[in-house]
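A short worksheet on the structure shown next.
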Amino acid sequence: PARRPKYPAKPAFLWLDAMAAAPYKAAMSLSLSVPTSLEYFASLVQSDDHFPLLEAAASLAQDEYPEFDVQQLLGDVDQMQARIKRRLPADAPALQRLRTLNQFFFADLGFGGNINNYYDPENSYLNAVLRTRRGIPISLAVLWMELAQGLGLHARGIAFPGHFMVKVLLPKGQVVLDPISGQSLSREELAERLEPYKRRNGLVDDYDVPLGLYLQAATPRDIIARMLRNLKEVHRTQQDWQRLIAVLDRLIVLLPEAWGERRDRGLAHAERGNVAQAVSDLQTYLAHVEDGLDVAAIADRLVELRRLGG
């Protein structure tokens with residue numbers, strides 16, 4: 001449910017408009033403009049320098065909860081951070097900080113996976129995850145990493161196939177954790193989890209690659225893209241075209257040259273009967289992807305849509 005925001009739900013930007021009123025004088029008007037949730041998201045993800053991962057991830061919920069106050073959530077996470085720090089001496093070694101964090105996050109607060117309803121979109125909305133203490137690996141990981149980094153731990157996300165992971169660099173080496181439970185995973189356990197993916201994709205024998213390649217740190221942009229693609233798959237499966245388009249709008253802002261997302265938005269617009277938008281997106285896709293396997297099928301779809309549009 002939408003709550004009454006304590007602070008502005010979205011930051012206000014000042015736009016300066018110059019208007020020439022007469023040959024010898026000009027008027028300047030200062031107008032206050034509140035950006036849309038998509039414009040707010042665009043402002044967060046425009047640069048990879050100081051990319052605000054938690055804020056960008058939290059803002060995804062604004063499509064479903066327009067009045068959701070992202071700043072309030074950031075404040076709530078700061079309060080959680082303060083509670084953990086009170087449990088630790090200032091000179092606590094990294095391993096003690098990690099154990100205290102896991103005790104607080106998984107045992108005391110009870111965060112864990114939403115096993116009973118894994119494909120509920122709420123699992124990707126951080127306001128819902130904070131409220132219910134249930135999520136999917138990547139949403140839990142974003143919260144956990146924010147707390148870990150606030151404790152001075154060198155924590156990063158891992159775009160592990162099928163199950164997002166986190167890793168922490170400790171003085172004696174690297175530990176990989178499952179963000180559903182906080183369980184640390186050995187190389188053997190990770191290799192075992194990876195085996196079905198590798199077999200499915202023919203990455204065995206001569207085509208095998210080292211485990212380390214699957215354990216590289218994901219960038220904040222990659223993490224947000226994975227969160228959005230999770231939502232995309234949920235909405236596409238449910239044929240919820242309106243919500244799917246909102247997610248694809250964000251993906252296209254995040255990854256302007258991911259032409260496949262432009263194609264998928266065009267197809268979703270077509271399902272909604274938005275012929276002009278569908279034609280525009282599919283034209284853009286075909287203009288940039290000349291050798292895609294689906295180029296002929298998309299070109300045929302475009303002909304149909306143009307016929308519909310008159």
Side-chain angles (χ1 to χ4, degrees), residues 2 9-13 15 17 31 33-48 51 55-68 70 119-125 127 220-310:
K10 310 180 192 78
F13 297 121
W15 302 99
D17 300 314
S31 63
S33 174
V34 178
T36 65
S37 60
L38 188 61
E39 289 168 341
Y40 171 41
F41 177 72
S43 75
L44 297 175
V45 304
Q46 62 184 341
S47 169
D48 287 319
F51 191 115
E55 188 173 2
S59 76
L60 304 187
Q62 289 184 319
D63 287 331
E64 193 67 26
Y65 299 94
E67 298 305 315
F68 164 51
V70 173
Y119 297 101
D120 186 342
E122 295 280 290
N123 294 328
S124 295
Y125 302 144
N127 58 328
R221 189 172 299 275
D222 290 339
I223 294 172
I224 297 298
R226 184 157 168 164
M227 292 184 76
L228 285 167
R229 284 176 173 144
N230 285 340
L231 283 166
K232 174 185 171 182
E233 194 54 37
V234 169
H235 296 323
R236 181 158 56 185
T237 300
Q238 296 174 351
Q239 298 188 357
D240 190 337
W241 308 119
Q242 185 173 346
R243 286 185 170 89
L244 177 58
I245 289 167
V247 167
L248 287 163
D249 285 344
R250 288 178 182 266
L251 267 168
I252 289 164
V253 163
L254 184 73
L255 305 170
E257 295 186 2
W259 305 115
E261 307 299 352
R262 191 87 56 152
R263 172 202 60 207
D264 291 349
R265 187 175 69 177
L267 294 172
H269 273 304
E271 293 288 349
R272 289 275 294 168
N274 305 331
V275 175
Q277 294 98 317
V279 166
S280 174
D281 277 342
L282 296 183
Q283 279 179 331
T284 300
Y285 174 70
L286 291 176
H288 290 90
V289 180
E290 296 177 357
D291 55 355
L293 295 175
D294 62 353
V295 162
I298 295 299
D300 289 344
R301 188 79 173 100
L302 194 53
V303 170
E304 292 173 17
L305 289 164
R306 284 177 174 146
R307 194 180 299 128
L308 280 173

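- Distance CG/Leu251 to CD1/Ile245: 13.0 Å, rounded to 0.5 Å.
- The distance from the NE2 atom of His235 to the CG atom of Leu228 is 9.5 Å, given to the nearest 0.5 Å.
- By the salt bridge (Lys or Arg N to Asp or Glu O under 4.0 Å) test, Asp48 pairs with Arg221, sequence neighbours left out.
- Side-chain atoms of Glu64 do not come within 3.5 Å of backbone N or O of Ala61 as any donor-acceptor pair.
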**OP:** Quick one: do Leu60 and Ser124 satisfy side chain to side chain contact (heavy atoms under 4.5 Å, CB included)? Show the steps, please.
**Re:** CA-CA 8 Å; Leu60 304 187; Ser124 295; 6.0 Å; no
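- Within the cation-pi definition used here (under 6.0 Å to the ring centroid, within 45° of the axis), Arg263 qualifies as a partner of Tyr285.
- Of all heavy-atom pairs spanning Val45 and Ala56, the tightest one is CG1-CB, 4.2 Å.
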Original post:
Between Arg250 and Ser59, does a side chain to side chain contact (heavy atoms under 4.5 Å, CB included) hold up when you go through it step by step?
Top reply: CA-CA 11 Å; Arg250 288 178 182 266; Ser59 76; 3.8 Å; yes
**OP:** Could you walk me through whether Leu244 and Val234 pass the side chain to side chain contact (heavy atoms under 4.5 Å, CB included) test, one step at a time?
**Re:** CA-CA 9 Å; Leu244 177 58; Val234 169; over 6 Å; no
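- Note: Gln62 CD to Asn127 CG = 9.5 Å, rounded to the nearest 0.5 Å.
- With sequence neighbours excluded, no residue satisfies salt bridge (Lys or Arg N to Asp or Glu O under 4.0 Å) with Asp120.
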Original post:
Between Thr237 and Tyr119, is a side chain to side chain contact (heavy atoms under 4.5 Å, CB included) present by the stated rule, with each step listed?
Top reply: CA-CA 10 Å; Thr237 300; Tyr119 297 101; over 6 Å; no
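- Separation of atoms CG (Leu38) and CG (Asp63) is listed at 7.5 Å; rounding is to 0.5 Å.
- Applying the salt bridge (charged side-chain N to carboxylate O under 4.0 Å, His left out) test to pairs two or more places apart or on separate chains, those with a residue in residues 271-289 are Arg265-Asp281.
- Minimum interatomic distance between Leu305 and Ala278 (heavy atoms only, all atoms of both residues): CD1-CB, 3.9 Å.
- When all heavy atoms of Ala58 and Phe68 are compared, the pair lying nearest together is O-CE2, 3.2 Å.
- For residues 231-240, the pairs satisfying salt bridge (charged side-chain N to carboxylate O under 4.0 Å, His left out) are Lys232-Glu261, Lys232-Asp264, Glu233-Arg236, Arg236-Asp264, Asp240-Arg243, with sequence neighbours left out.
- With contacts defined as side-chain heavy-atom distances shorter than 4.5 Å, the pair Leu44/Phe51 does not qualify.
- Classification of the Tyr65-Tyr125 ring pair by plane angle, with boundaries at 30° and 60°, yields perpendicular.
- Taken from CG in Leu248 to CG in Leu254, the straight-line distance is 12.0 Å, to the nearest 0.5 Å.
- Checked against ring pair (Phe, Tyr, Trp, His ring centres under 6.0 Å), Trp241 has no partners two or more places apart in sequence or in another chain.
- Under the side-chain hydrogen bond (donor to acceptor under 3.5 Å, both in side chains) criterion, Asp222 pairs with Thr219, not counting sequence neighbours.
- In terms of heavy-atom proximity, Arg262 sits nearest to Pro256 at NH2-O, 3.6 Å.
- Salt-bridge check for Arg307 with Glu304: failed, with every basic side-chain N at 4.0 Å or more from each acidic carboxylate O.
- Across all their heavy atoms, Leu302 and Leu282 have their closest contact at CD1-CB, 3.9 Å.
- Distance CH2/Trp259 to CD/Glu257: 5.5 Å, rounded to 0.5 Å.
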